[in-house]
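Below is one structure, written out as structure tokens; the observations come after it.
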Amino acid sequence: MAERDRRATNFIRQIIDKDLAAGIHTNIVTRFPPEPNGFLHIGHAKSICLNFGIAQDYHGSCNLRFDDTNPAKENIDYVNAIKKDVSWLGFTWHNEARYSSDYFDLLYGFALELIEKGLAYVDFSEQEAVREMRGTLKQPGTNSPYRDTNVAENLIHFEKMRQGDYKEGQCSLRAKIDMASNFMCMRDPIIYRVRFVHHHQTGDKWCIYPMYDFTHCISDAIEGITHSLCTLEFQDNRRLYDWVIENISIECVPRQYEFSRLNLEYTVLSKRRLIQLVDENHVQGWDDPRMPTIAGLRRRGYTPDSIVEFCKRIGVTKVDNMVEMSMLEACIREELNDSAPRRMAVLDPIKIIIENYPDDKVELLQAPNHPNKPEMGTREVPFTRELFIEAEDFKEAANKKFKRLVIGKEVRLRNAYFIKAERFDQDAHGNVTCVYCTFDDSTLGNDPQDGRKAKGVIHWVSATKGLKAKVCLYDRLFTVPNPGAQDDFSQSINPESLIEKQAVVEPALMLGEQGQGFQFERVGYFSIDGSSSQNSLVFNRTVGLRDSWQN
RNA sequence: UGGGGUAUAGCCAAGUUGGUAAGGCAACGGGUUUUGAUCCCGUCAUUCGUAGGUUCGAGUCCUGCUACCCCAGCCA
């Protein structure tokens with residue numbers, strides 16, 4: 001526990017520690033505020049672990065709040081998917097899920113307050129004009145001709161906006177701040193726009209919708225959020241966040257702190273690009289096992305714990321970062337190495353015939369489910385005269401670094417006997433079609449008395465008792481470490497990100513639930529796909545075994 | 001001289017009254033092994049973007065410089 005706490009430390013927790021010590025707060029309240037316009041991804045997991053993790057460790061609470069101020073892009077399916085993913089990761093939000101739209105009435109009231117204070121005005125400038133008047137990064141903007149409209153008139157116009165008397169784009173409500181500010185977001189930001197769009201929560205009640213900068217800070221204040229954590233690109237927006245809170249009548253003063261978003265090598269983590277991958281059918285959906293989404297990782301065979309562990313390991317800072325895939329992979333390997341039952345599966349089968357083994361005999365061998373954990377028990381593996389082994393596990397001849405089957409040499413069949421390769425058949429293309437072997441019946445469960453050593457250990461499946469299965473081998477979705485930096489990232493999609501194998505697996509694999517993880521010995525970790533059934537088994541490779549063998 | 005941020009190993013990241021560079025991932029040696037896995041043992045920053053300064057002593061303080069990221073949606 002002590003070690004966990006030390007690992008979890010980061011600059012935000014240190015700020016919280018100080019706030020607590022100074023008596024600024026006695027109870028910590030955070031929130032996770034996704035926009036329901038897409039599925040959650042591993043980058044969101046970082047934010048989820050941060051916000052919910054703080055709530056847990058400080059005995060505070062964390063709200064789930066859908067930031068649903070742009071109904072044109074959002075929908076209820078995403079709301080449901082997000083709830084499912086947060087829950088699956090193992091987190092529980094405080095009370096019911098919230099929506100920014102829950103506060104539309106209050107928000108409207110605060111907008112009125114701003115107008116009454118002379119701090120907001122209805123601007124009828126065209127969108128293009130608004131942009132021109134905003135100035136540039138190095139030049140100040142100019143005031144809108146509508147900036148000095150009196151309060152009474154603004155009140156009338158805003159009311160008409162709400163009633164639907166103005167068209168989309170005809171006008172907007174702007175905060176009156178400073179057109180010369182170095183912070184672009186302070187140059188009279190638009191806080192309400194007209195949108196005749198149906199909203200998944202509020203239906204057709206509204207035709208004006210508040211903007212993020214106006215909504216988020218007030219929502220935080222309403223909910224009593226103490227520490228509002230977001231990503232680095234909102235650093236400038238903090239000035240507006242604070243301005244709004246200072247200029248409306250509200251008690252709570254939440255503080256915003258920014259941390260750097262996660263970047264993962266060989267994938268993309270921006271909502272826009274993930275939507276593109278789905279819409280353009282580069283993947284089969286949001287839960288495609290190649291996707292860095294929570295749903296995709298789940299289907300790939302990642303567990304909640306492994307994702308949470310990953311988030312702990314990467315930490316929270318303000319440094320721009322690019323995390324290696326190996327970091328994520330190490331987390332799931334570590335867990336599955338410990339928990340996954342071992343099985344045997346041959347992905348690229350060639351037949352071997354054990355000539356001195358009886359034709360009709362079937363031996364049910366007991367094989368441990370885990371080599372280092374006898375408490376996990378055993379399962380039966382049928383052994384027969386004809387077996388399949390991995391094509392790459394046989395060579396006619398090889399040097400001694402090749403710890404597999406070679407003509408005239410012996411290997412151990414995992415959990416079974418020593419066999420010796422005698423001769424083989426090949427087809428017209430030179431592909432090995434069958435290897436003829438002999439076995440030593442004294443080698444089950446022990447090495448030969450005469451001290452002979454096997455070249456190595458290979459896995460196998462009975463040719464007559466094994467089951468056919470589809471095995472999906474997933475690789476990185478992109479061929480370059482930072483595809484997001486490319487103009488057209490679809491050009492660098494890895495054509496071999498999915499390879500389907502017609503494999504043969506041991507019968508024990510018939511029993512298993514969807515999502516369950518196994519280690520196929522010497523091959524990798526696999527989980528049962530959602531589409532799998534007893535009649536047609538489908539496995540997804542979660543991650544390969546660590547492989548230090550150099551060819 | 002727009003503003004806001006960030007620089008510690010290949011990657012992530014500790015380092016907080018200045019006291020002599022944690023840990024993880026990766027990599028590389030060696031041992032164990034009926035998985036080329038796991039496990040075990042060992043190696044991996046004389047140096048903290050850079051140039052100066054203060055100090056007995058600087059990753060931590062001061063000054064200059066450099067590099068990279070973010071900001072000109074009626075997106076979030």
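What you are looking at is a predicted structure, and each value in this text was computed from that prediction instead of being measured. To find a chain, count down the sequence lines: A is the first, B the second, and so on, and within it residues start at 1.
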Give a yes/no on whether any side-chain N or O of A/Arg333 is located under 4.0 angstrom from OP1 or OP2 of B/U38. no

Round to the nearest Å and state the distance from A/Lys400 atom NZ to B/G36 atom C1'. 17 Å

Is there a donor on the side chain of A/Arg412 or the base of B/U34 sitting less than 3.5 Å from an acceptor on the other? yes

Please report the distance, rounded to the nearest Å, between CZ in A/Arg13 and C1' in B/G15. 18 Å

Looking at B/A22, which nucleotide sits across from it as a Watson-Crick or G-U wobble partner, both distances under 3.5 angstrom, or is there none? none

Roughly how many Å apart are B/G31 and B/U38, using the C1' atom of each and rounding to a whole number? 14 Å

Interface residues of residues 444-459 of chain A with RNA chain B (non-hydrogen, below 4.0 angstrom): A/Leu444, A/Gly445, A/Asn446, A/Val457

B/C44 and B/C25: how far apart are their C1' atoms, nearest whole angstrom? 13 Å

Distance, P atom - from B/C41 to B/A7, rounded to whole angstrom: 34 Å

Positive for side-chain hydrogen bond (donor to acceptor under 3.5 Å, both in side chains) with A/Arg452, one of A/Asp447, A/Asp440, A/Thr443: A/Asp440

Using only heavy-atom distances, determine whether the side chains of A/Arg162 and A/His157 contain a donor-acceptor pair under 3.5 Å. no

Atom-pair distance (CG on A/Leu328; P on B/C11), nearest Å: 18 Å

Indicate whether the side chain of A/Glu363 and that of A/Tyr417 have a donor and an acceptor atom separated by less than 3.5 Å. yes

Within the 3.5 Å criterion, strictly below it, is a donor on A/Ser228 or A/Asp220 matched to an acceptor on the partner's side chain? yes

Rounded interatomic separation in angstrom, taking CG from A/Leu336 and P from B/C39: 13 Å

How many Å lie between CE on A/Met327 and C1' on B/C25, as a whole number? 5 Å

So, does the side chain of A/Arg342 form a donor-acceptor pair with the base of B/U35 at under 3.5 Å? yes

Syn or anti for B/G31, please, going by whether the chi angle lies within 90° of 0. anti

When the C1' atoms of B/G19 and B/G64 are compared, how many Å lie between them, rounded to an integer? 27 Å

Give a yes/no answer on whether the side chain of A/Arg313 brings an N or O atom under 4.0 Å of OP1 or OP2 in B/G23. no

Whole Å only: how far is the CD1 atom of A/Ile332 from the P atom of B/G24? 20 Å

Students often get this wrong, so: under 4.0 angstrom with heavy atoms, is A/Gln519 touching a base, only sugar-phosphate, or nothing? base

When you measure only distances, ignoring hydrogens and angles, does the side chain of A/Arg546 come within 3.5 Å of the base of B/G36 through a donor and an acceptor? no

Are A/Glu258 and A/Gln256 close enough that a side-chain donor and a side-chain acceptor fall under 3.5 Å? yes

Gap in Å between the two P atoms, one belonging to B/U60 and one to B/U17, rounded: 14 Å

Rounded distance in Å between the P positions of B/U33 and B/G59: 47 Å

Do you see a donor-acceptor pair shorter than 3.5 Å between the side chains of A/Tyr257 and A/Gln235? no

Using the C1' atom as the point on both nucleotides, what is the distance between B/C74 and B/A13, in whole Å? 41 Å

Touch class at under 4.0 angstrom, heavy-atom based, for A/Arg239 against every strand present: sugar-phosphate

Can you name the one residue among A/Arg134, A/Lys176, A/Arg174 that meets salt bridge (charged side-chain N to carboxylate O under 4.0 Å, His left out) with A/Asp123? A/Arg174

Counting the atoms with a prime plus P, OP1 and OP2 as sugar-phosphate, which does A/Asp547 contact under 4.0 Å by heavy atoms, base, sugar-phosphate, or nothing? sugar-phosphate

Could you check which nucleotide pairs with B/A72 in any of the strands shown, counting Watson-Crick or G-U wobble with both distances under 3.5 Å? none

Using only modelled atom types and a 3.5 angstrom limit, is any donor from either the side chain of A/Glu324 or the base of B/G10 paired with an acceptor on the other? yes

Taken to the nearest whole Å, CE/A/Met186 to C1'/B/G4 is 13 Å

For A/Tyr78 and A/Glu35, does a side-chain donor sit closer than 3.5 Å to a side-chain acceptor? no

Base-pairing mate for B/G29 - Watson-Crick or G-U, with both contacts under 3.5 Å: B/C41

Not counting sequence neighbours, list each pair that qualifies as a salt bridge (charged side-chain N to carboxylate O under 4.0 Å, His left out) and has a residue in residues 184-198 of chain A. A/Arg147-A/Asp188

Mind checking the P distance from B/U54 to B/C40? Whole angstroms is fine. 50 Å

What is the distance, to the nearest angstrom, from the CZ atom on A/Phe11 to the C1' atom on B/U6? 11 Å

Does a nitrogen or oxygen in the side chain of A/Thr317 sit under 4.0 Å from OP1 or OP2 of B/A13? yes

At under 4.0 Å between heavy atoms, which parts of nucleotides 66-76 of chain B does protein reach? Answer with one letter per nucleotide, 5' to 3': B base, S sugar-phosphate only, - none. ---SSBBSBSB

Nucleotide paired to B/U6 in any strand shown, Watson-Crick or G-U, under 3.5 Å: B/A67

Hydrogens and angles aside, do A/Asp165 and A/Gln163 bring a side-chain donor and acceptor to less than 3.5 Å of each other? no

Assess the side chains of A/Asn63 and A/Arg98: does a donor N or O sit below 3.5 Å from an acceptor N or O? yes

Base, sugar-phosphate or nothing for A/Lys318? Non-hydrogen atoms, less than 4.0 Å. sugar-phosphate

Taking every heavy atom of A/Asn415 against every heavy atom of A/Leu444, the minimum-distance pair comes out as O-CD1, 4.0 Å

